Each structure stands twice: as structure tokens, then as C-alpha cells.
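The first residue of the sequence shown is numbered 1, and numbering continues consecutively from there. Please read all numbers here as calculations on a predicted model, not as lab measurements.
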Amino acid sequence: MADLSVETIGIVNKEEGPPVPVSASDILSSLHGRQRRTERSISKAEFNAAVQFGERSRGFDNPKTGEKAWVFTYKAGGIAVVTNDSCTKEITSWALPCWGIDIEKVQITEDMLKSHNEAVKQSVQHDRWTSHTVAVIDQSGSMRKTDATNGVTRSDLVWLCLAVDYVGKRLKSGEATSQDYFSLIELSSAGERLITHHPMNWILYNKIIDMLRNRSPVGDGNYLPAIKLAEEALLLNKNGNCMLQLLFLTDGAPSDRPPRGFGRGMQGGVHVSPYHEQAIGSSIAFLARQFGSRLSVGAFAVGQNQFRTLQSIARTAQEYNCKVFLSRATLCVKDLSTAFMTMTSLLTATKTAATDVITNRQRTFRDIIREPRSSVKFYDMGDGHWTFYSSIDVTRAVFDKYAYEWVYPRYTFNHPQTVRIAVRDHIFGEGNERAVRRVREITSDGCVVGPALVGKESLFVEDSNDSKSFHKTFCKVQQLSQRMAAKFNKILVGLPGVERSSTPLISFLDCYVLLLNGAFGSGRGILVEKMLDPTKYKKWNTNDGYVDGMSAADYRLVKNKKVFMQRRDEREFTEQDCSFSIDDIPQAFSHFTYIFSKRKYLVCDLQGVLSTESNEPLFELTDPVIHYSTMTDRGAYGRTDRGQQGIDDFFRSHKCSNLCHMLLRRWIPDPLDKQITHYENVPISEPIPSIASESEDEEELPKESKRVKTVRFVL
């Protein structure tokens, strides 16, 4: 991305100078000049025409040699060229902004202007913001290259897609409103604020069109000044109900000069210092540890250039649970447009996750400090970031699903020698609803005992006053999911060809609540369970239709309701159809819960680790979601219960595996047994008979069908 210092030559003022050469042969070419003409698709004849017929202005002096220069702006040819003071030596050249493309502005009506002025007045009320996007746009000299679609410059490509895809399309769809705000930072030699917390409206759209028409890339691309300005913009509104987004659109490595003492490496043929990754990573970490999942970070590499710095930005943000999108977009309008659409979906997903499905209001994130996920394996109880609770300050509570009340066991801790617990002040993980922090049991001599634990509590301010109800919902969901898993496992291991030693079963972690400093209402309650290895943690599906391995394009189709539940397979079931992969098991379990419950509910958002340490592998899962189909019981399974809509989203993306088909059939060990001769064949097109044969809970588990049992023989 960094360009040679001669690229800093710009227009200063108009001034008479020496006569221009009559022919191109009178202008000496330089290596730098030829390289820039090649990159920007400018011929020597076009260069000469610009000198002959362009408008001459005095340029900046060369910062290294002090040599004066002339700039010739040739509007008819859409280029600007630079020569030395005597007009005999070529220095550089570039395409004029917006040359060959243009886009009409939107006519601003009185109502639009009135709405804009009102939004500007309300911008001082930070609790009214629903989102704030800060875009960092590269405007260094290399963005002048004319290798994008139809020969436009990289800079023009970025401005065009930013205006049309990020602003215009969102305004048309209603996804963005005047309560969403936008800031724009220029990534250049010193960095510059171009737009500050502007309401998302058509006036903003027109301003970006002005950037397309008038901004001309020049000079170096220094990341650190731009990131500093972006940091100031994001910290302007720290209110917990404002979702945040940080975008980087750049075509290369940073040009920041490292201080002495740092070594220099190579990145794509450009000298790069470890200083860049350290300094930039530190700035991104400062933001990420404050905002976590409330902040989504998009890194767009425009063109196939240096990618290492953007990768470092993405990795750092992910360490603190930020939502991250990393795109190595080509210089094609379609690709960059698709990348912008993905970023808008990330922001929408963050808003949706923070919205209470019952009240339809956006909730407020608590002010919590994060720590990187990579640090969770290291324990230093003396680092000053732990809070200790003695046994007299802690009460253990377990939710009894059958009695539908909290019960209090005689024992408080898991290990008999534990006298107190340590609760980490910082969180290392977060989902849609809860924050996760480390918890350890401590003996009287200060030693850590027992397994590593985690404590979970709400991410949102609205739940802080009613932790009893909050934790009860999650305990209820996890316990019901575990009972469904027991039924699933029993059928799974009974399938032909399934060996328990190599087939992972489904299991949900046991959980309990520790009441700190007293009972509910007078103290703080955290839900505690076994810690799963964060380096192996994985999501197999979510509560809004996403499935592990799904492309961003397919996910958008699901969200737009353009994919529909597949029909049952009507082909003959053969012996070859008995094979399935390990990754099929979680998806089949979700499908199974819907059929097993007689289509009342579906368990999804399956996340955790695949444990293979013992002889019998196991999916250890936590934080499931239950979608209940009827509106009468909405909210019974928490705010993540999206009802029939959540069930529909699952089946829009679900593709039945062989395991799904196997689970939906009755398998008979010996079909010629005389005791089962009353069974009869059933076409696959018939309704699926109930799988359940016994019920632990009449309200939540299906009863046995009263009709005659039927089966399709599988020999």
C-alpha cells in the first residue's frame, strides 16, 4: 500500500512555467513513472497529451530532494501527470477521481432535511443510538491503481460500494434508520476525520458520492493515526444499547515508520516491522476488551495484496469475542458488494441478539471488561483480578424441574477440601445471552482443587435484578435437552452397524447456581458448570438457521426465507444408506427432538466440544436453545426461544443425512420373529410413527401413539 515519496506531490496553485515539450520523446521516462503508468493503465501517449493539453498547476516539492514539480490535469483524458520543474522528466501519473463512472445523487426533500436535523439534535442523547459504524478507508497512493472493474481506480471502487451497498441498500430496505450513525476516517499519511457520527440517511449517501467524485488518493498509508481516530470515534458513545462496527478497507501493508530497535521483515515485497502488528494489535485489543460481542470488525483487503496486517486485526478481535469478517475481495464490484452485504448482516445479527423477543426492545449491554480466550489456561490467583468468597458467603442451589423450585443441597462445593471459591473479574467468553468467566475452588492453604469451572451470568443490565428467573430458564432448557439426549442416545446405539466405542453420544453439562453473599434478591447468582476446552469449542448449529460449514451466501438465503424444508426422501432405503459421519450427529439430534416431541419444539444452538479423551467419545454441549412451536408458551424457554419461526429457520437450512433417515425408522433385530408378525410394511410416504415409547414428562415429552404399531422392514 505504501507508495514512493514522489506520490505526495499534489496541486498547490496555478503558475506559469517553462514551455512544455512538443513530443513525448522530449520527456524522459523514469522507472517509477513507468511503473505507475503500468499499474494505472496510462500509456506514454496519454501522458504526453496531458502535458500538452492539460491544465498546469504547481505541485508540492519532493520531500526528499526539494525538487519542484508540475501537475498537469487533463480532464478530457481523465488523468493527472507530474513532471519535474523543467517539464522534461516524468515523475508519476494517476487517474482522476470518478473517471469513467458516476452515480446520481438523491434529491433531498424538505421532509428528509427536517428528519436529518432532528437526528443531529438527538445525537447528543447517546441512549437513542441503535448502532455506530466507523469506516476506515485507505486513501494512500496505491489506491490510484486502475485495475478494478472496467478500469476504475481502487479508490473509486470502494467509494462506489460504500455508497450503494452499505448505505443505499440498507436505507431502501429499512435496515438502517436515522438512529444508526456513521463515521468515516481516511487512512493516509496523517489520518483525517471526513465524517463524524452522521445519521444514516440519504444526505450521508450524497456525501459519499461527493467523496467518489472529489477525493484523490495520495501519499503513504499509515494505520496508527487512522486507528487512533477510529478509537476516539467508537468511544464517543459507550452506551450499552449501541451496537458498534469497525470497517477497514485497504489494499496493503502499513507505512508507519517503526521506532529504532524493531527488526524488519518482508510482507509481499514490502518491508514490515513487528512493530506494526504489536502497535495495531494493542489498539484493536483496547477496543475489543471493552466492547466484545457488541463490536463487529470487518477487514477488507482490496485486491490481492498484503493481507497479514488485516489478518492480525481479525485474530485480535476474535480473541475478545468480537464478531469478525475477513474478506480478500477481488477488484470486482460484485465481490466487494457481497462483502459489504455480509458486514451488514453481522450488524443486523448483533442487533437481533440484543433485542428482547418478548418486548421487542433493544437491551443494554453491561459494562464488563474482557480477557483474551487464549489466557484461560493460565491461572495467577495473585494478579489482583479475582474475587474470593468463603463458604459462609456461598450457597449452592439446584433447580428441580419436577418440583419446579430451587433446592439447596447440604454440600456447597464439589471438592471436600474446598473452603472458598475464586471468581474471575474479567470474562473470556460470551454468547447471545450470557457472559462467561473463570471459577475455581480453593483449599485452606490457597491451592486450586477440582476441575476448572466457569460461571455464567447475563450480558444485559435488564436481567441484573432478577437473576433467579434468568438462571431458572437456562437450567430448565439444559435439563430438558439432556433428557432428550438420553432418548436419542438410546436409539442411536441401537441402530445397525453403530459401535459405541467409535460413535459419540450427545450430552449436556450438569449445572447449578452459586449464590454469592446471600440468597437470591440480596446477592449475586452465577450459574456454574464444567469448563470446556475453549480451543476446541465449536458451534454445530445456531438458533437462527446457521449450520456449521454453511457459506455466507447460503446463510443469507435462509435469512431471506428463500430455502424451504426439504421433502422426505422417497427412494428405497438400502444397506449403503446406513453410513453417516460424526458431524451428522448434532444436526440429526436437533431434527430428532422435533419429531420426538410430536413437533412441539426443537432443540438447537448446539455448541461445545467433541471429547475423545476417553474410550467412549462424547459431544459435551452447553447453552442449548429450545424453540417452542405454539405462541401460548412463548417465553417459557427464554428470550432465545423464537417459536415456530426458529423451527422454520432450522429446516430451511437443514439437509437430512442418512442418520436422520435411520432415526425415523423402526429397526427390528429379527423381523421373522413370531412375536412380531403382526407388524406390517408401511410406505415411506406414510406419516412417521411416533418414536417415543415412554414418557418422563407428559407436558413436554410425547406419549405413545394409540394406533397399531407399524414398521418398514429393513433386512
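Cation-pi geometry between Arg438 and Tyr379 is met: under 6.0 angstrom from the ring centre, within 45 degrees of the axis. For the pair Lys476 and Tyr637, the cation-pi test (distance below 6.0 Å, angle within 45°) is passed. Taking the ring centre of Tyr320 as origin, the terminal cationic atom of Arg289 falls outside the region bounded by 6.0 Å and 45° from the ring axis. Annotation: cation-pi geometry not satisfied between Arg420 and Tyr389 (NZ/CZ under 6.0 angstrom from ring centroid, within 45° of ring axis).
Under the 4.5 Å side-chain criterion, counting only non-hydrogen atoms from C-beta, Ser131 is not in contact with Gln179. Residues Thr503 and Ile582 are not in side-chain contact: their nearest non-hydrogen atoms beyond the backbone lie 4.5 Å or more apart. Annotation: side chain of Lys323 is in contact with side chain of Ser293 (closest heavy-atom distance under 4.5 Å).
A salt bridge links Glu457 to Arg524: one of the charged nitrogens lies within less than 4.0 Å of a carboxylate oxygen. The pair Lys456-Glu433 does not meet the salt-bridge criterion, since no charged nitrogen lies less than 4.0 angstrom from a carboxylate oxygen.
You'll find the ring centres of Tyr594 and His627 outside the 6.0 Å limit. His132 has its ring centre no less than 6.0 Å from the ring centre of His197. Ring-centre distance between Phe589 and Trp540: not below the 6.0 Å cut-off. Checked against a 6.0 Å centroid threshold, the rings of Phe488 and Phe596 do not count as neighbours.
Of the residues Asn241, Leu347, Asp180, the one that meets the side chain to side chain contact (heavy atoms under 4.5 Å, CB included) test with Thr130 is Asp180.
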request  = Begin from the C-alpha positions of Phe399 and Tyr512 and carry the test ring-ring contact (aromatic ring centres under 6.0 Å, His included) through to its verdict.
outcome  = CA-CA 7 Å; Phe399 182 71; Tyr512 56 93; over 10 Å; no
